[in-house]
Student: 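Below is the structure I would like to discuss, written out as structure tokens.
All of these numbers come straight from a predicted model, not from anything done at the bench. A note on names: the letters A, B, ... follow the listed sequences, proteins ahead of strands, and every chain is numbered from 1.
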Amino acid sequence: MKIRTRFAPSPTGYLHIGGARTALFNYLFARHNGGRFILRIEDTDRERSKEEYTEAILEDMRWLGLEWDEGPFYQSHRFALYREHAERLLNEGHAYRCYCTPEELEERREEALKRGRPPKYDGRCRELETPPEGRKYALRFRVPEGRTILNDIVRGTIAFEHQEIEDFVVLRSDRTPTYNLCVVVDDALMEITHIIRGDDHINNTPKQMLLYRALDYPTPEFAHLPMLLGPDRTRLSKRHGATAVGAYMEMGYLPHALVNYLARLGWSHGDQEIFSREELIEKFTLEGVGRSPGVFNPEKLLWLNHHYIKSSSPEELMEPFLRQLDTLGVDATGDERLPLIMRTLQERAKTLKEMAESSLFYFTEKVEFDEKAEKKFLTHEKAALLEMIRDGLKGLEPFTAEDVRALFEQITEEQNIRLKDIAQPVRVALTGRTVSPGIFETIEAMGRELAIKRLEDAIRRIKDRAREGITA
RNA sequence: GGUCCCAUCGUCUAGUGGUCCAGGACGUCGCCCUCUCAAGGCGAAAACACGGGUUCGAGUCCCGUUGGGACCGCCA
């Protein structure tokens, strides 16, 4: 049988890290087995569902490269289907009409909680002989006696006593279906073979299994993934900081870094840390999924991001890098120096945002001098050295980092000075700061024209200051 | 409170009864390299929650304790 998995987010918020991991595991499992990955939007909560969230979720899925084979299907378009199934349950005796109002139920629930009793529906409408006139009713599933055994692929065997399960609502009094019904009907009709989801759904599973049975559909396999936790070991949520996938895109993360990180959170393949997409597909199995919840660790994600930035080609990073520059107000499109510039920054930037920020000196008209740096390194006695470099660069041909190095070495030798005596002043002259990529590669990437202009500017500043010093 | 789940370094994890005085990775610290910052190299500190069993032998199996988490809706 062909394997079919699905990811079924509800559009009541943006795609978050936990959801993305669930989607990824479904995707990988389907791809690994040559199956199909289906996307379904669970938007039956009309109050909270928003179209903008749906759009954002789809965009984030695409960004992560989690291509789905079918869908997106929208539950809000399938209400008739769910009602039909609810009717069937009613007609076949698996469901009954419940005339209790939400207010009454809420009251009883609070009462039960206050007394320390389980806040379970008491089943009072189960065998109603004389239903009240003119009152709205909901449809509740009649949970039979016995127990349900779940053979979870990652958890193993879990038994649920039916006594613990209340007669849950399948169709609300406004005729809208509830989650448990929708999920089962859709998963059954879409012929989902493996339900891979967060283990916050474990307690729903027996209800759903009961529904499959009552509806006479084959029960799929279940695999419940351990939760993702925040640093305080509670379920990962917004209050733990950035958890939306889109936020990571904006912060300059590479989609594959996130994919690689998420894959290793709750799944492992021996000691391997770095996986290409192809490797993930090839190696992913549910047997490799762990059982214990995992703490989301931004530091390790950052490391992976850095790893992929370092090992990518400038061409691969070009588009997202330009986007980051754009948000900083720089349009560098078409700048031929870009590949060289990027190469100087790749091993120094953990995110593309950081990379864009530290690349600004390449693109601005004038350098912004760090006051301390200028005072310390652009001193009067360095002016002559800067002039030598400037002159040397003028005729340097070809103009590669290696040629620049040769020029510097020649000068340090002639002047009997160390490289550091000249590299720092030049660095400050060119970038305004004491920290930058290697000075030779920086000069090459910057280009002859800009480099010379900046050296001259620095020399002028030194001389201007000296003159002021004399007159003052 | 009830039900269910989980338990190896700070974090992610390897480990499927002996090869584990527990391995890798992130992070941390130290050293080296060095034109700054990185990167890189080398090294260090750092864990089997506890208690009982089972077994010749337990991180690995069983039970309990403790601790953590999730769920208990006419939300999904």
Student: Return the value, rounded to whole Å, for the distance between atom CD1 of A:Ile158 and atom C1' of B:rC71.
Tutor: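 So the two atoms are 13 Å apart, to the nearest Å.
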Student: I'd like the C1' distance from B:rC21 over to B:rC37, given in whole Å.
Tutor: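 Taking atom C1' in both B:rC37 and B:rC21, they lie 41 Å apart.
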Student: By the 4.0 Å heavy-atom rule, please label A:Ser292 as base, sugar-phosphate, or nothing.
Tutor: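 Here A:Ser292 touches the backbone only, sparing every base.
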Student: Taking the same atom, C1', in B:rU11 and in B:rA45, what whole-Å distance lies between them?
Tutor: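 B:rU11 and B:rA45 have their C1' atoms separated by 16 Å.
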Student: Do any N or O atoms of the protein come closer than 3.5 Å to N or O atoms of nucleotides 41-48 of chain B, and which pairs are they?
Tutor:
none

Student: Below the 4.0 Å mark, does B:rC4 have OP1 or OP2 next to a side-chain nitrogen or oxygen of A:Arg291?
Tutor: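 Negative; the distance criterion is not met.
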Student: I'd like to compare against my own output: the B/S/- annotation of nucleotides 18-33 of chain B with a strict under-4.0 Å heavy-atom distance to protein.
Tutor: -----BBBSS------
Student: Quote, to the nearest angstrom, the P distance that separates B:rG15 from B:rG24.
Tutor: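 Roughly 15 Å separates the two P atoms.
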Student: Please list each protein N or O that sits under 3.5 Å from an N or O in nucleotides 67-70 of chain B, with the distance.
Tutor:
unit_1, atom_1, unit_2, atom_2, d
B:rA70, OP1, A:Arg235, N, 3.4
B:rA70, O3', A:Arg235, NH1, 3.3

Student: Return the set of residues passing salt bridge (charged side-chain N to carboxylate O under 4.0 Å, His left out) with A:Glu357 (not counting sequence neighbours), or none when no residue passes.
Tutor: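 So A:Glu357 forms no salt bridge (charged side-chain N to carboxylate O under 4.0 Å, His left out) with any residue.
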Student: The criterion is ring-ring contact (aromatic ring centres under 6.0 Å, His included); which residues satisfy it with A:Tyr248, sequence neighbours excluded?
Tutor: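 For A:Tyr248 the ring-ring contact (aromatic ring centres under 6.0 Å, His included) partners, ignoring immediate neighbours, are A:Tyr253.
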Student: Please give the distance between the P atoms of B:rC20 and B:rC32 as a whole number of Å.
Tutor: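 Pairwise P distance, B:rC20 against B:rC32, rounds to 33 Å.
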Student: Listed by chain and number, what are the salt bridge (charged side-chain N to carboxylate O under 4.0 Å, His left out) partners of A:Glu127, not counting sequence neighbours?
Tutor: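 Residues passing salt bridge (charged side-chain N to carboxylate O under 4.0 Å, His left out) with A:Glu127: A:Arg142.
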Student: Report yes or no: is there a donor-acceptor pair, N or O only, under 3.5 Å between the side chain of A:Ser436 and the base of B:rC37?
Tutor: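 Donor-acceptor pair under 3.5 Å: no.
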Student: Given B:rC35, is OP1 or OP2 found less than 4.0 Å from the side-chain N or O atoms of A:Arg418?
Tutor: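 No, because none of the side-chain N or O atoms of A:Arg418 sits under 4.0 Å from OP1 or OP2 of B:rC35.
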Student: Take A:Tyr137 and A:Arg21, find for each the nucleotide of RNA chain B with the closest heavy atom, and name the residue whose nucleotide sits nearer the 5' end.
Tutor: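 The residue whose closest nucleotide sits nearer the 5' end is A:Arg21.
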Student: Once salt bridge (charged side-chain N to carboxylate O under 4.0 Å, His left out) is applied, do any residues pair with A:Asp370, and if so which ones, sequence neighbours excluded?
Tutor: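 A:Asp370 satisfies salt bridge (charged side-chain N to carboxylate O under 4.0 Å, His left out) with no residue once adjacent residues are dropped.
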Student: Partner lookup for B:rA39, please. Criteria are Watson-Crick or G-U wobble with both distances under 3.5 angstrom; report none if nothing qualifies.
Tutor: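 Answer to the pairing question: none, since B:rA39 forms no Watson-Crick or G-U pair.
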Student: If you measure from the C1' atom in B:rU28 to the same atom in B:rC9, how many Å do you get, rounded?
Tutor: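 Pairwise C1' distance, B:rU28 against B:rC9, rounds to 12 Å.
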Student: For residues 293-309 of chain A, which residue pairs pass the salt bridge (Lys or Arg N to Asp or Glu O under 4.0 Å) check, not counting sequence neighbours?
Tutor: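 For residues 293-309 of chain A, and leaving out neighbouring residues, the salt bridge (Lys or Arg N to Asp or Glu O under 4.0 Å) pairs sorted by first residue read A:Glu273-A:Lys300.
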Student: With a 4.0 Å cut-off, would you call A:Lys120 and A:Asp167 a salt bridge?
Tutor: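 No, A:Lys120 and A:Asp167 are not salt-bridged.
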Student: Less than 6.0 Å separating the ring centroids of A:Phe296 and A:His240?
Tutor: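 Not close enough - the centres of the two rings lie 6.0 Å or further apart.
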Student: Out of B:rA76, B:rC5, B:rG73, which has the shortest distance to the side chain of A:Tyr179?
Tutor: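 The answer is B:rA76.
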Student: With sequence neighbours left out, write down each residue that passes side-chain hydrogen bond (donor to acceptor under 3.5 Å, both in side chains) with A:Glu55, or none if nothing qualifies.
Tutor: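 Checked A:Glu55 against side-chain hydrogen bond (donor to acceptor under 3.5 Å, both in side chains); zero matches.
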Student: Counting only side-chain nitrogens and oxygens, does A:Thr44 get under 4.0 Å of the OP1 or OP2 atom of B:rA76?
Tutor: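 For B:rA76, OP1/OP2 do have a side-chain N/O of A:Thr44 under 4.0 Å.
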Student: Kindly state each residue pair satisfying ring pair (Phe, Tyr, Trp, His ring centres under 6.0 Å) with at least one member in residues 157-189 of chain A, sequence neighbours excluded.
Tutor: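 Listed by first then second residue: A:Phe141-A:Phe168, A:Tyr179-A:His201.
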Student: Name each donor-acceptor pair under 3.5 Å that joins a side chain in residues 71-79 of chain A to protein atoms two or more places apart or in another chain, with its distance.
Tutor:
unit_1, atom_1, unit_2, atom_2, d
A:Gln75, NE2, A:Glu42, OE2, 3.2
A:Gln75, NE2, A:Asp186, OD2, 2.8
A:Ser76, OG, A:Asp43, OD1, 3.4
A:Ser76, OG, A:Asp43, OD2, 2.7
A:Arg78, NE, A:Asp186, OD1, 2.7
A:Arg78, NH2, A:Asp186, OD1, 2.9

Student: Count the heavy atoms belonging to other residues, nucleotides or ligands that lie under 6.0 Å from CD of A:Glu51, then report whether that count exceeds 12.
Tutor: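 12 or below, so no.
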Student: When you compare B:rG23 with B:rA47, how far apart are their P atoms, in angstrom units rounded to a whole number?
Tutor: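 11 Å, rounded to whole Å.
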Student: Is a salt bridge present between A:Arg461 and A:Glu374, judged by a nitrogen-to-oxygen distance below 4.0 Å?
Tutor: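 Salt bridge between A:Arg461 and A:Glu374, a charged N being under 4.0 Å from a carboxylate O: yes.
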Student: Does A:Arg155 get its side chain close enough to the base of B:rC5, under 3.5 Å, for a donor-acceptor pair?
Tutor: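 No.
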Student: Going by the salt bridge (Lys or Arg N to Asp or Glu O under 4.0 Å) test, which pairs reach into residues 227-242 of chain A, not counting sequence neighbours?
Tutor: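 Listed by first then second residue: A:Asp200-A:Arg235, A:Asp232-A:Arg239.
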Student: Quantified in whole Å, what is the P atom distance between nucleotide B:rC48 and nucleotide B:rC12?
Tutor: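 So the two P atoms sit 15 Å from each other.
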Student: Look through every strand shown and name the nucleotide pairing with B:rA70 as Watson-Crick or G-U wobble, where both distances are under 3.5 Å.
Tutor: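 Result: B:rU3.
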